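Structure first, then comments.
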Amino acid sequence: VGIETVVHYTTRDRNLIAIHSDLVGAHALGVRNIVCLKGDPPSLAGYTDVVGVWDVTPTGLIRILKLLNEGIDWTGKPIGHNASFFIGGAANPNAEPIETELKLLRRKIEAGVHFFMTQVSYDPDSLDRFLERATKLKMPIVVGILPLHSSRHAEFLHGQVPGITI
């Protein structure tokens, strides 16, 4: 449709080899924008007997994408040509203490992130405090939004989704 796609890629469900395969395939299909996420535990979706893989951290995924952009895989072997991913990292404006989140953001910058996308925040004061501190990192920040559809939706997000408070 001629619009940019931003893939939200979680490291929860894949080992390192599968992640590499997904990324090479995505690049071959023209996907360039990837936000690197950890992913919620499978139990959150009701899969109580399933365990997440988490072979790679989100910061590790950022490093892998940076290496692919440099034309090498995670082992240092050349891949033939440089990839051209635009690498996003997650940021949590609701984190307490905020300094711990800012340290994580700095690690993501060192790993090669190009921009941040925040988790949704329904607290304008927390979001303002976060943005005031995070803008000093001099990285583009996309603020995540999620319109509420009903009171039931709000109750679910508040009670069942880690990091979201309404």
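In what follows, every heavy atom counts, from backbone to side chain, and hydrogens, waters and symmetry copies are set aside. Keep in mind it's a predicted model, so treat the numbers as computed, not measured.
- Counting heavy atoms from C-beta on, the side chains of Met117 and His8 come closer than 4.5 Å.
- A distance of 9.0 Å separates CG in Leu68 from CD1 in Ile34, rounded to the nearest 0.5 Å.
- Under the 4.5 Å side-chain contact rule for hydrophobic residues, Val161 and Val143 do not share a cluster.
- Counting all heavy atoms, side chain and backbone alike, Gly89 lies closest to Val113 at N-CG2, 3.2 Å.
- Checked by atom type and distance alone, the side chain of Thr135 pairs as donor or acceptor with a backbone atom of Leu131 at under 3.5 Å.
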Show, in sequence, the C-alpha distance, side-chain angles and deciding distance for Arg106 and Glu99, and conclude whether the salt bridge (Lys or Arg N to Asp or Glu O under 4.0 Å) test is met. CA-CA 10 Å; Arg106 287 185 198 98; Glu99 191 54 45; 3.2 Å; yes
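- Under the 4.5 Å side-chain criterion, counting only non-hydrogen atoms from C-beta, Asp123 is not in contact with Thr165.
- Not one N or O on the side chain of Thr59 forms a donor-acceptor pair closer than 3.5 Å with the backbone of Lys108.
- The backbone N or O of Thr11 lies less than 3.5 Å from no partner atom in the side chain of Trp54, so there is not a single donor-acceptor pair.
- For Ala91 against Phe116, the heavy-atom pair with the smallest separation is CB-CB, 4.2 Å.
- With hydrogens and angles ignored, the 3.5 Å screen pairs no side-chain donor or acceptor of Tyr9 with any backbone N or O of Leu61.
- Formation of a donor-acceptor pair under 3.5 Å by the Ser43 side chain with backbone atoms of Gly46 is not found in this model.
- Asp125 has its side chain within reach of Arg129: a pair of non-hydrogen atoms, C-beta onward, lies under 4.5 Å apart.
- Asn94 and Ser126 form no side-chain donor-acceptor contact under 3.5 Å, judged by distance and modelled atom types alone.
- Between Leu23 and Ile64, the closest side-chain pair of non-hydrogen atoms falls below 4.5 Å.
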Using the rule given for side-chain contact (heavy atoms from CB on, under 4.5 Å), can you reason through Ile19 versus Asp55, listing the C-alpha separation, both sets of side-chain angles and the distance that settles it, and then say yes or no? CA-CA 9 Å; Ile19 288 170; Asp55 198 18; 5.6 Å; no
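- A salt bridge links Asp22 with Arg14: the distance from a Lys NZ or Arg NE/NH1/NH2 to an Asp or Glu carboxylate oxygen falls below 4.0 Å.
- The shortest non-hydrogen separation linking Leu65 to Cys36 is CD1-SG, 3.5 Å.
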side-chain contact (heavy atoms from CB on, under 4.5 Å) evaluation trace for Asp128 with Glu132: CA-CA 6 Å; Asp128 286 343; Glu132 183 179 310; over 6 Å; no
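- For the pair Asn33 (side chain) and Thr5 (backbone), a donor-acceptor distance under 3.5 Å is present.
- Atom-to-atom distance recorded for Gln160:CD and Ile164:CD1 is 11.5 Å, nearest 0.5 angstrom.
- With contacts defined as side-chain heavy-atom distances shorter than 4.5 Å, the pair Thr10/Asp40 does not qualify.
- No single ILVMFWY cluster, assembled from side-chain heavy atoms under 4.5 Å apart, contains both Val6 and Ile62.
- Here Val50 sits in one hydrophobic cluster together with Tyr47; the rule is ILVMFWY side chains under 4.5 Å apart, joined directly or through other members.
- Side chains of Leu148 and Leu157 form a contact here, defined as non-hydrogen atoms less than 4.5 Å apart.
- Smallest separation of non-hydrogen atoms from Ile141 and Ala134: CD1-CB, 3.7 Å.
- Contact record, Ser121 with Leu127: OG-CB, 4.1 Å, taken as the closest heavy-atom pair.
- The backbone N or O of Phe86 lies less than 3.5 Å from no partner atom in the side chain of His114, so there is not a single donor-acceptor pair.
- Among residue pairs with one or both ends in residues 64-89, those qualifying as side-chain hydrogen bond (donor to acceptor under 3.5 Å, both in side chains) are His27-Ser84, Arg32-Ser84, Asp73-Thr75; sequence neighbours excluded.
- Although no hydrogens or angles enter the test, the distance criterion places no donor-acceptor pair under 3.5 Å between the side chain of His158 and the main chain of Ala154.
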What verdict does the side-chain contact (heavy atoms from CB on, under 4.5 Å) test give for Val35 and Phe115, after you've listed the backbone C-alpha separation in whole Å, the side-chain angles of each residue and the deciding distance to 0.1 Å? CA-CA 9 Å; Val35 176; Phe115 71 100; 3.8 Å; yes
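- Ile98 places a side-chain heavy atom less than 4.5 Å from the side chain of Phe130.
- Here the CD1-CG distance, from Ile109 to Leu104, works out to 10.0 Å after rounding to the nearest 0.5 Å.
- A single hydrophobic cluster is seen to contain both Phe156 and Leu146, as judged by linkage of ILVMFWY side chains at heavy-atom distances under 4.5 Å, directly or through other members.
- What you find for Pro147 and His153 is that their closest heavy atoms are O-CE1, 3.6 Å.
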As a quick check of understanding, evaluate side-chain contact (heavy atoms from CB on, under 4.5 Å) for Val53 and Arg12, giving each step before the final call. CA-CA 5 Å; Val53 176; Arg12 173 193 57 219; over 6 Å; no
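- Here CG of Leu37 is found 9.5 Å from CD of Gln119. Values are rounded to the nearest 0.5 Å.
- Within 6.0 Å of atom CD in Glu4, 12 or fewer heavy atoms from other residues, nucleotides or ligands are found, so the atom counts as exposed in its surroundings.
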